[in-house]
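First the structure, in the form of structure tokens, and then the observations on it.
Here is the naming used below: chain letters follow the sequence lines, and residue numbers restart at 1 for every chain. From a predicted model like this one, the values you see are computed outputs, not experimental measurements.
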Amino acid sequence: MPEGHSIHRLARQFNDVFAGQVLQLSSPQGRFVDGAQLLDGHRLEEAFAHGKHLFLRFDNDLYLNVHLGIYGAWNFGGDQQFRGASSIGAPRKVGEFELTEGAEVGEYSSPPPPKPTVRVRIVSAHGWADLIGPTVCRTLTADEKEMVRAQLGADPLDGDANPHQFFSALSKTARPIGVVLMDQKIISGIGNIFRAEVLYRQQIDPFRPAKSLSVEERHAVWEDAQKLLQVGVELGRIVTTEEDYRPGIPLAEAWPEHANYVYQRQGQVCFRCGEIIRVQQVAARNLFWCPGCQN
DNA sequence: GCCCTATGTTAAA
DNA sequence: TTAACCTAGGGCT
């Protein structure tokens with residue numbers, strides 16, 4: 001799925017094109033009929049993200065909570081108000097991390113017939129959004145929403161986030177740092193790409209126990225994750241390389257081959273030390289790292 | 001068409 | 001630790 005940056009972009013996009021408007025919600029697929037009915041005809045007050053969770057607050061104090069999982073995606077379309085809106089989520093190709101196609105923008109009177117897999121369709125006077133393939137799609141009360149958020153670690157994209165609970169959690173576990181960074185209860189928004197790239201950039205062996213990281217390393221991991229996530233929010237895709245590792249290649253063209261240091265680069269030469277990038281299944285996910293730089 | 005893959009999470013064993 | 005969930009694309013036959 002998209003990592004945390006994409007969900008923050010989704011929240012921004014929902015605020016741009018739907019906030020303040022009365023919306024129609026339906027479930028063409030039929031698996032979210034009751035939940036959609038609770039929100040149908042209500043005004044969207046605001047959208048926000050916590051890690052990889054998206055929340056939409058409606059004027060009856062109910063929330064639509066969506067997690068895209070590994071297959072989920074939102075597609076948008078509508079009139080000129082939807083210009084610039086992106087489809088966000090799967091499918092994706094290697095190196096193409098977020099955008100599939102832009103919103104369908106033009107004359108708008110009603111949305112196209114939905115694909116049979118559309119879990120939720122949201123329709124306003126100006127356009128529509130279709131959700132397919134989510135891991136989570138549910139309607140929550142305010143209390144339930146708080147219970148979900150209480151299970152999530154601090155989000156580096158949240159300006160009010162307090163990283164101290166993250167630092168503290170690292171100091172208390174011997175689990176490998178590469179595994180802990182994927183634990184959304186410890187820190188939320190980091191996925192398989194950011195975990196690999198942050199550890200490479202900080203030259204930290206992903207198999208080291210989290211508690212073995214120095215105070216400086218813990219701070220550096222948080223701050224680098226924050227920086228890379230912010231770049232992702234701005235670009236709409238994940239680019240983790242610094243300019244000196246893509247010499248003469250502008251950012252816009254640093255994609256896909258020069259976008260990452262280790263992710264999906266197994267068997268290739270490390271840009272920094274010349275070692276061969278490795279990959280290994282850890283906790284059912286592909287972990288990429290450079291054995292030369294990260295030890 | 002068939003098989004594999006994927007930026008993920010949860011529950012069961 | 002494994003399976004299940006769930007979707008679409010790409011490469012292959």
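- Rounded to whole Å, the separation between the P atoms of B/dT10 and C/dA8 comes to 23 Å.
- We find that CZ of A/Arg175 is positioned 13 Å from P of C/dT1, with the value rounded to whole Å.
- Remark: A/Arg285 is in phosphate contact with B/dT7, judged by side-chain N or O atoms under 4.0 Å from OP1 or OP2.
- Of the side-chain N and O atoms in A/His67, none sit less than 4.0 angstrom from OP1 or OP2 of B/dG8.
- Distance CG (A/Leu235) to P (B/dT7): 20 Å, rounded to an integer number of Å.
- A/Lys172 and A/Ser168 form a side-chain donor-acceptor contact under 3.5 Å, judged by distance and modelled atom types alone.
- At a threshold of 4.0 angstrom between heavy atoms, the contacts of A/Gln29 are confined to the sugar-phosphate backbone, with no base atom among them.
- Where A/Gln281 and A/Ala284 meet DNA chain B, the nucleotide closest to each residue was compared, and A/Gln281 sits on the side nearer the 5' end.
- Distance CG (A/Asp183) to P (B/dG8): 13 Å, rounded to an integer number of Å.
- Across all strands shown, A/Arg31 has heavy atoms under 4.0 Å from sugar-phosphate atoms exclusively, and none from any base.
- A cation-pi arrangement is present between A/Arg272 and A/Tyr200 under the rule of less than 6.0 angstrom and at most 45 degrees off the ring axis.
- In this model, no donor atom of one side chain and acceptor atom of the other lie less than 3.5 Å apart for A/Asp155 and A/His50.
- Look at CD1 on A/Ile132: it is 8 Å from P on C/dT7, rounded to the nearest Å.
- We find that CD of A/Gln151 is positioned 19 Å from P of B/dG8, with the value rounded to whole Å.
- Between A/Trp74 atom CH2 and C/dA8 atom C1' the separation is 18 Å, expressed in whole Å.
- A cation-pi contact links A/Arg265 to A/Phe271, judged by a cut-off of 6.0 Å to the six-membered ring centre and 45° from its axis.
- Remark: A/Glu45 does not engage A/Arg57 in a salt bridge, criterion side-chain N to carboxylate O under 4.0 Å.
- A/Gln264 has a side-chain polar atom (N or O) that falls below the 4.0 Å cut-off from OP1 or OP2 of B/dA6.
- Phosphate contact (OP1/OP2 of C/dA8, side-chain N/O of A/Thr117, threshold under 4.0 Å): present.
- B/dT5 and C/dT13 are spaced 16 Å apart, taking the P atom of each and rounding to whole Å.
- If you measure from atom CD of A/Gln266 to atom P of B/dA6, you get 8 Å, rounded to the nearest angstrom.
- Side-chain N/O atoms of A/Asn286 include one lying less than 4.0 angstrom from OP1 or OP2 on B/dA6.
- Not one side-chain nitrogen or oxygen of A/Lys52 sits closer than 4.0 Å to the OP1 or OP2 atom of B/dT7.
- Across the protein-nucleic acid pair, A/Leu54 atom CG and B/dG8 atom P stand 16 Å apart, rounded to whole Å.
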